[in-house]
Amino acid sequence: LQFYNTWCDLPSVKCLATSPLLCQVACTMMGVDYEHQTKKLSSRSLRLYQYSVFIKRKNKDGITPWHIDTSNIITFWIPLHAIPSIEDGGTEILFI
């Protein structure tokens, strides 16, 4: 299950999606000056393109295979609860 741009309707989600910490990390990863970004002094800018909530149901949605979404986009995966292992019926994400 996937829901798009929930940050527009839920203040708590907007707080997370527009977090200064996430913005700073994204700026660092993309080579954008964070100080100039916050003061709108830079010709390069960082934008919130899309915010998605994915709900992976235990024993229902299967494993998401390794993939690359696209270039020039930073994705933050933030689980909101413990992720069970595959052996325990979860759809755990593995980083190699």
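Quick caveat: nothing in here was measured; it's all calculated off a predicted structure.
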Quick check: is Ile78 connected to Met29 through a chain of hydrophobic side chains (ILVMFWY, heavy atoms under 4.5 Å apart)?
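Looking at the clustering, Ile78 is in the same group as Met29.
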
What's the separation between atom CG in Asn5 and atom CG in Leu10, rounded to the nearest 0.5 Å?
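Asn5 CG to Leu10 CG: 11.5 Å, rounded to 0.5 Å.
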
Starting at CG of Asp9, measure out to NZ of Lys14 and round the result to the nearest 0.5 Å.
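Going from the CG atom of Asp9 to the NZ atom of Lys14 covers 11.0 Å.
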
Check Leu22 against Phe76 and note the closest heavy-atom contact, atom names and distance.
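Result for this residue pair: O-CZ, 3.5 Å.
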
